[in-house]
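Here the structure is a predicted model, which means the values were calculated and not measured. All heavy atoms count here, side chains included; hydrogens, waters and symmetry mates do not. Chain letters run A, B, ... following the sequence lines, proteins first, then strands; residues in each count from 1.
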Amino acid sequence: MNRIDKTFLDLKKRGEKALITFISSGDPNPLKSEEIVFTLEKAGANIIELGIPFSDPIADGPTIQSSSQRALSENINIKKVFQMVRRIRKRSEIPLILLTYFNPIYQFSPREFILQAKRAGVDGLIIPDLPPEEAKELQVISDKEELDLILLISPNSSKGRIKIISQLSRGFIYVVSVTGITGARKEVPYPIKKVILRIREFTDKPLCLGFGMSTPEQVKVVKDWVEGIIVGSALIKIIEKNLENQNLLKEIEKFVIKLKRPLSSGNKITGEP
Amino acid sequence: MLVKKRGYFGKFGGCFVPEVLVPALKELEEAYFSLRKEESFKKELNYYLKNYAGRPTPLYRARNFSRSLGEVKVYLKREDLLHTGAHKLNNTLGQVLLAKKMGKNRIIAETGAGQHGVATATACALLEIECLIYMGEEDVRRQSLNVLRMKTLGAKVKKVKSGSQTLKDAVNEALRDWVTNVKTTFYVLGSVVGPHPYPVMVREFQAVIGREAKKQIIREEKRMPDYLIACVGGGSNSIGLFHPFFKEKTHFIGVEAGGLGLNTTKHAATLVKGKRGILHGALSYLLQDKNGQIRPTYSIAPGLDYPGVGPELSYYKEIKRAKFVSVTDKEALRGFFLLSKTEGIIPALESAHAIAYAKKISSLLQNKLVIINLSGRGDKDMHIIEKYF
Ligand SMILES: Cc1ncc(COP(=O)(O)O)c(C=O)c1O
C-alpha cells in the first residue's frame, strides 16, 4: 500500500481528517523549505504538497504568485526539487505530492519526470492545468509507475465530468471549494457541500477540499464533509510575513497546530507523538 | 467518454486549463459551433462588418512600392482601413455578438499594444455590454493613447502588475478573472491563441480577410497569388489571410519580430526560435528556458511582443505549409518609412515587419504576384518612431 492510501486508512481508524499543506519548494530558500517540511510534519500535517514554481501560474492568486517568484529567484527547478525530496525521504515517511503546471513537466519529459519523481520518493502529482482530457498519456505512465495522479473537481463540473474524474483520480480527489483562484478566504464555502454529496454518489475515494481554506473556524464547519483539508495561501502568508524572522518555524508550527486541532478525533491534541 | 482530441491541429492546440474553465469552454464551443451556422447570426455579423466596420477592405495594387522592389506585383490587403485601424475588430465584433447571444453580461479582454483592447471596447460600446480590459503596467505606459481610447469608449482598464507586466501577464490576469467570474463573463481573446475553441473561432472570424482577398485577386489578376506575406504576433491576421488559400499553390510567409536580433534574448520570434510547450491553454511553439519557464520577449512592435503563437501556425510550420522568418526592429523601421514614403500609407509597426520582409527578399519575388496583409495603420506608433527622426 502506498503512503497516501496508508495515511488515509490510518486517519480513518483514528477518526481523524487529513491536513494537507502546500508550500513552494525553495521559498524562501531551498534549505529553509526543507526545514519547513519537517516543521509541518511535527505540527500535525499529514500530507505535504511541494510546488515546483512556474513563471505563469494562471490558477494562483497573488500569494502563491509571489511565492513562486521567490522560489524562481532561488533558481529552483525540477532536478533540485527531486534532490530535496530525496533528502526529506532520509528522515521522513510523510506522503509527498508535487504540484506544478504542465509546461515544466513537458520540457523535462513527462515519462522521465514520473520515473525520477517516483525514484526520489514522491507519492503523488497534481497539475492544475491538465484536465483529464489532456492527461491520458501521462496517466498511463503514472499508473504504471504507481505514482498517484490527483485530479481536481470544481463547483461547476457537470455530473458527467464528476463521474469520469472520480474514476480517474488516484490517491484522493481534490475538490476545489470555489470557482476562483488560490488565495486565503475567510468564508465557509457552503455551496460546495452539494457538489461533495454528488461526488460521493460515484466514489468512495477520499475527498480533500482546497482553495481558500485558512482558519480553524472554517475547518470546523467543513471537516465533516470530507477526508481532508488542503491549506496553501494561508500558510504561505505566514512565510511571507516572517521572511526575515528567526521565529519563522515557530510561527508555522503554531498555525498548523491550530488548524489541525479541529481535524483530530475527540480532544486529543495532534502534533504530539 | 470524454471527447477525444478535439481542438487539435496535428499535435498542436488542445485545452490545457484548470477544471473550472473546462465547462465554460465547452459552453462556448457549443454556442459558437451552433451559432456560426445560423443565418440570423451570420447576417447580423455581416451587417456590422459591412456597415459599421467598413468591409470589404480594399485590395490595393501598390505600384510605387512594387517598383521599389523591382519587377514585383504587390497588392496590399487594407486592414488598416477597417474601423479602429486594425484587423482586430473582425474578431471582437464576432465574439461580443456571440457573448450577447449566450446571455453573458460582462466582457473581459487582454491587450498588449492596446489594439485588441480598443477593438473590444468598441464592440462593447456598440453592442452595449460592460467591458474590462487587462493591460500590463509596462504597456499602459508604452501605449497611453490607446488607454485613453479604451476609456473614452466606456471600458475600464485594469493595470496588471504581476510578472513582466506585458501581454502574457495580461492574459494570465484575464484568465484568473474568468476562472472567478466564469458564469457571467465572456473572455474575448485577441488572437488565435489560447485553449480550444479560441484558435479555431478567432481564425474563422479573421478568415474574412482571406476570403475577400481571394475574390479580389481573382477579379483583378484572374489567378492565385504566388505569395502571401503577413506579420505574426499571436497569428490572427496571418492565418486569417492564409486559411482560405490553404488548398492553393500559393506560398505563405509569416514574419515574426526579430527585435534586436535572433542571437540576443531581445526578440519575439516564437516559431523561428522557440520550442514546443504549453502556455495559456494550448500546446504550441513557445519562447522558454530549458526549465520550461516562459521567457520575456521584446519587439519595437508592441502587438508582436508575445512569447507564444497560435497552434494552427505551429501546425503549418510542422507540415511545412508556411515558412516563418523574422526581421529586426531596424529592418521593420526601414519598411515602415519605405511604405509611408512610396505609397502615402503609414503602416502599423507590426505590419511593417511584413513590408520589410518583402523588401528583404525582393530578388526572389521578381515577376511574382504578392499579397501583403497590411494588418493595421501606424498612427498608434508615432510616439515610438519619434526618436528616429
Ligand atoms: C496592427 C497589428 N498587426 C498585427 C498584430 C499581431 O497580432 P496577430 O498576429 O494576432 O495578427 C497586432 C496585435 O496587436 C496588431 O495590432
Side-chain angles (χ1 to χ4, degrees), chain A residues 52-62 65-66 68-69 72 75-81 100-109 113 127-136 151-158 160-165 167-168 174-176 178-183 211, chain B residues 1-8 13-27 161-164 168-169 171-185 194-196 275-284 286-296 307-308:
Chain A
I52 303 173
F54 178 53
S55 52
D56 294 81
I58 54 165
D60 287 306
Q65 284 176 45
S66 309
S68 305
Q69 280 309 319
L72 281 173
N75 294 315
I76 284 295
N77 58 33
I78 288 173
K79 274 218 166 85
K80 289 183 187 167
V81 173
T100 189
Y101 290 81
F102 192 42
N103 196 49
I105 296 178
Y106 185 82
Q107 290 317 310
F108 192 86
S109 148
F113 181 88
I127 310 171
D129 61 346
L130 198 70
E133 289 90 338
E134 306 294 353
K136 283 181 192 151
L151 300 177
L152 300 91
I153 288 177
S154 80
N156 60 344
S157 299
S158 66
R161 294 188 66 75
I162 289 178
K163 185 172 173 198
I164 288 160
I165 297 170
Q167 280 164 4
L168 293 177
Y174 193 134
V175 183
V176 178
V178 291
T179 56
I181 51 177
T182 60
F211 278 47
Chain B
M1 264 321 279
L2 295 166
V3 192
K4 58 174 194 294
K5 291 289 168 194
R6 85 209 146 89
Y8 271 84
C15 196
F16 296 83
V17 295
E19 174 60 22
V20 52
L21 289 185
V22 175
L25 288 162
K26 291 213 159 135
E27 183 194 354
K161 297 187 164 99
S162 57
S164 60
K168 87 171 166 68
D169 309 285
V171 177
N172 291 343
E173 273 312 302
L175 283 169
R176 289 178 187 124
D177 179 319
W178 201 28
V179 164
T180 309
N181 302 297
V182 63
K183 280 218 177 72
T184 58
T185 298
H196 180 67
K275 281 186 304 187
R276 284 182 214 155
I278 292 97
L279 178 69
H280 298 148
L283 172 58
S284 194
L286 277 186
L287 290 169
Q288 56 186 323
D289 69 14
K290 63 178 194 305
N291 293 319
Q293 308 296 345
I294 308 307
R295 278 231 165 101

**OP:** Please flag which part of B:Val20 lies under 4.5 Å from any non-hydrogen atom of chain A: side chain, backbone, both or neither.
**Re:**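 For B:Val20, heavy atoms of backbone and side chain both lie under 4.5 Å from chain A.
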
Original post:
Of the backbone (N, CA, C, O) and the side chain (C-beta and beyond), which part of B:Pro18 lies under 4.5 Å from a heavy atom of chain A, both, or neither?
Top reply: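 For B:Pro18, the contact with chain A is made by backbone and side chain together.
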
Measure distances from [X] to the heavy atoms of chain B and classify the residue's part below 4.5 Å as side chain, backbone, both or neither.
{"X": "A:Leu72", "value": "side chain"}
{"X": "A:Pro53", "value": "backbone"}
{"X": "A:Ile181", "value": "both"}
{"X": "A:Ile105", "value": "neither"}

Atom [atom1] of [X] and atom [atom2] of [Y]: how far apart are they, to the nearest 0.5 Å?
{"X": "B:Lys183", "Y": "A:Asn156", "atom1": "NZ", "atom2": "CG", "result": "6.5 Å"}
{"X": "A:Glu133", "Y": "B:His196", "atom1": "CD", "atom2": "NE2", "result": "11.0 Å"}
{"X": "A:Phe54", "Y": "B:Leu279", "atom1": "CZ", "atom2": "CG", "result": "6.0 Å"}
{"X": "A:Ile127", "Y": "B:Phe16", "atom1": "CD1", "atom2": "CZ", "result": "10.0 Å"}
{"X": "A:Asp56", "Y": "B:Ile278", "atom1": "CG", "atom2": "CD1", "result": "13.0 Å"}

**OP:** Quick one: which of B:Cys15, B:Ser162, B:Gly14 has the most heavy-atom pairs under 4.5 Å with chain A, could you say?
**Re:**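 That would be B:Cys15.
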
**OP:** Sort out for me which of B:Leu175, B:Val22, B:Leu21 touches chain A most, counting heavy-atom pairs under 4.5 Å.
**Re:**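 Option with the greatest count: B:Val22.
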
Please rank [options] by heavy-atom pairs under 4.5 Å with chain B and give me the top one.
{"options": "A:Phe108, A:Tyr101, A:Phe102", "answer": "A:Phe102"}
{"options": "A:Lys79, A:Lys163, A:Gln65", "answer": "A:Gln65"}
{"options": "A:Pro62, A:Ala59, A:Pro57, A:Ser66", "answer": "A:Pro57"}

Original post:
At their closest point, which heavy atom of A:Ser157 faces which heavy atom of B:Glu19, and how far apart are they?
Top reply: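 Closest pair (atom of A:Ser157, atom of B:Glu19, distance): OG-OE2, 2.9 Å.
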
Original post:
A:Gln107 and B:Gly292: which non-hydrogen atoms are nearest, and at how many Å?
Top reply: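 Shortest heavy-atom separation between A:Gln107 and B:Gly292 comes out as CG-CA, 3.4 Å.
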
**OP:** Can you establish whether the number of heavy atoms outside A:Lys80 located under 6.0 Å from its atom NZ is more than 12?
**Re:**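 Result for NZ/A:Lys80: enclosed.
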
Original post:
Got a sec, which residues hit side chain to side chain contact (heavy atoms under 4.5 Å, CB included) with B:Asn291, two or more places apart in sequence or on another chain?
Top reply: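 For B:Asn291, the residues satisfying side chain to side chain contact (heavy atoms under 4.5 Å, CB included) (neighbours in sequence not counted) are A:Asn77, B:Asp289, B:Gln293.
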
Original post:
Is there a side-chain contact between A:Asn103 and B:Ile294, using heavy atoms and a 4.5 Å cut-off?
Top reply: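 Yes - at least one pair of side-chain heavy atoms lies under 4.5 Å apart.
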
Original post:
Does the side chain of A:Pro104 come within less than 4.5 Å of B:Gln288's, by heavy atoms?
Top reply: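 No, too far: nothing below the 4.5 Å cut-off.
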
Subject >> For A:Asp60, all residues meeting salt bridge (Lys or Arg N to Asp or Glu O under 4.0 Å), sequence neighbours excluded >> reply: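 In terms of salt bridge (Lys or Arg N to Asp or Glu O under 4.0 Å), with neighbours along the sequence ignored, A:Asp60 is linked to no residue.
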
